[in-house]
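Contents: one structure, followed by commentary.
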Amino acid sequence: MQAALNEAQKAAEAGEIPVGAVITKDGIIISSAHNETETRKDPTAHAEILAIRQAAKALGGWRLTDCCMFVTAEPCSMCAGAIVWSRIKKLYIGTMDPKAGACGSIFNIPQERKLNHYVEIESGLMQEECSSLMKEFFKQLRNRKLEEKQ
């Protein structure tokens, strides 16, 4: 999770929502990414999607069946769907997202039994660090917006 948190900090430094994701296979990191939606002007450039694309390229195929993903914040519905479709085995989440989370908060897409793949989920890894980074980012963003108004 520390590697994912490092990615999230890169996102924050770039003015992106601070989410980082890392994918491992056999305990080895095969991909890492952070949010780049603003940088790329692409609504699908979430950390999880970018990490999945890198992992698929590294492994030479889209099925990530023996892989685990570590992500600093609970994935949204788009990312949760991609996690299911890529067949990721286990998802580790830093902090939950009660407003947009789709891995247990609002929905639980990766564990929907009607879908073709079930993802194991463990949450709360480095929860305080992941949550603090997100809260600090949005606090600074609100302060910047207030300063711009003055």
- Item | Evaluation steps, side-chain contact (heavy atoms from CB on, under 4.5 Å), between R53 and T44 | CA-CA 11 Å; R53 289 176 183 160; T44 69; 3.7 Å; yes
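- Across all non-hydrogen atoms, the minimal contact from K25 to L59 is CD-CD2, 3.9 Å.
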- Which is it for E128 and T95 under the side-chain contact (heavy atoms from CB on, under 4.5 Å) test, yes or no, and what are the steps along the way? CA-CA 8 Å; E128 185 58 39; T95 190; over 6 Å; no
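- A donor-acceptor pair under 3.5 Å is formed between the side chain of E74 and the backbone N or O of S105.
- Taken from CE in M78 to NE2 in H46, the straight-line distance is 4.0 Å, to the nearest 0.5 Å.
- Looking at F138 and I17, their side chains come closer than 4.5 Å, going by heavy atoms from C-beta outward.
- Here the closest non-hydrogen pair linking A33 and A47 is CB-O, 3.6 Å.
- Counting only N and O atoms by type, the side chains of N108 and E112 include no donor and acceptor under 3.5 Å apart.
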- Show your reasoning for whether side chain to side chain donor-acceptor pair (under 3.5 Å) applies to N143 and Q140. CA-CA 5 Å; N143 289 341; Q140 289 178 8; over 6 Å; no
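- No side-chain donor-acceptor contact under 3.5 Å links N35 to the backbone of E16.
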- Step by step, work out the salt bridge (Lys or Arg N to Asp or Glu O under 4.0 Å) result for E7 and K10. CA-CA 5 Å; E7 286 292 327; K10 290 179 192 176; 3.1 Å; yes
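- Put simply, I121 and I49 are part of two different groups of oily side chains (I, L, V, M, F, W, Y) that touch within less than 4.5 Å, one to the next.
- At distances below 3.5 Å, not a single donor-acceptor pair connects side-chain atoms of E122 with backbone N or O atoms of L91.
- Annotation: side chain of M134 is in contact with side chain of V19 (closest heavy-atom distance under 4.5 Å).
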- Task: Would you sort out whether C130 and L5 count as a side-chain contact (heavy atoms from CB on, under 4.5 Å), showing the intermediate values?
- Result: CA-CA 7 Å; C130 294; L5 191 55; 4.2 Å; yes
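- Put simply, the side chain of I23 does not reach to within 4.5 Å of the side chain of I29, judged on heavy atoms.
- In this structure the side chain of I30 never reaches within 4.5 angstrom of the side chain of T24, judged on heavy atoms.
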- Message: If you apply the rule salt bridge (Lys or Arg N to Asp or Glu O under 4.0 Å), what do you find for K89 with E120, and how did you get there?
- Response: CA-CA 6 Å; K89 181 179 179 177; E120 295 175 54; 5.2 Å; no
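- Two residues are said to be in side-chain contact when any heavy atoms from C-beta on lie closer than 4.5 Å; H34 and E36 meet this criterion.
- For the pair R144 (side chain) and R142 (backbone), a donor-acceptor distance under 3.5 Å is absent.
- Of all the heavy atoms in I93 and A73, the pair that sits closest is CG2-C, 4.0 Å.
- A56 approaches W62 most closely through the heavy-atom pair CB-CA, 4.0 Å.
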- Message: Using side-chain contact (heavy atoms from CB on, under 4.5 Å), reason through I83 and I52 one step at a time and then give a plain yes or no.
- Response: CA-CA 8 Å; I83 289 164; I52 287 169; 4.1 Å; yes
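- Of all non-hydrogen atoms in C76 and A102, the two that sit nearest each other are C-CB, 3.5 Å.
- Using a 4.5 Å heavy-atom threshold, the side chains of T72 and L133 count as separate.
- Cluster annotation: V84 is connected to F107 through the hydrophobic network of ILVMFWY side chains, with a link wherever side-chain heavy atoms come within less than 4.5 Å.
- Pairing each heavy atom of V119 with each of I88, the nearest pair is CG2-O, 3.5 Å.
- Defined by atom type and a distance below 3.5 Å, a donor-acceptor pair is missing between the side-chain atoms of S132 and E136.
- Between the side chains of Q111 and Y118, at least one donor-acceptor pair of N or O atoms lies under 3.5 Å.
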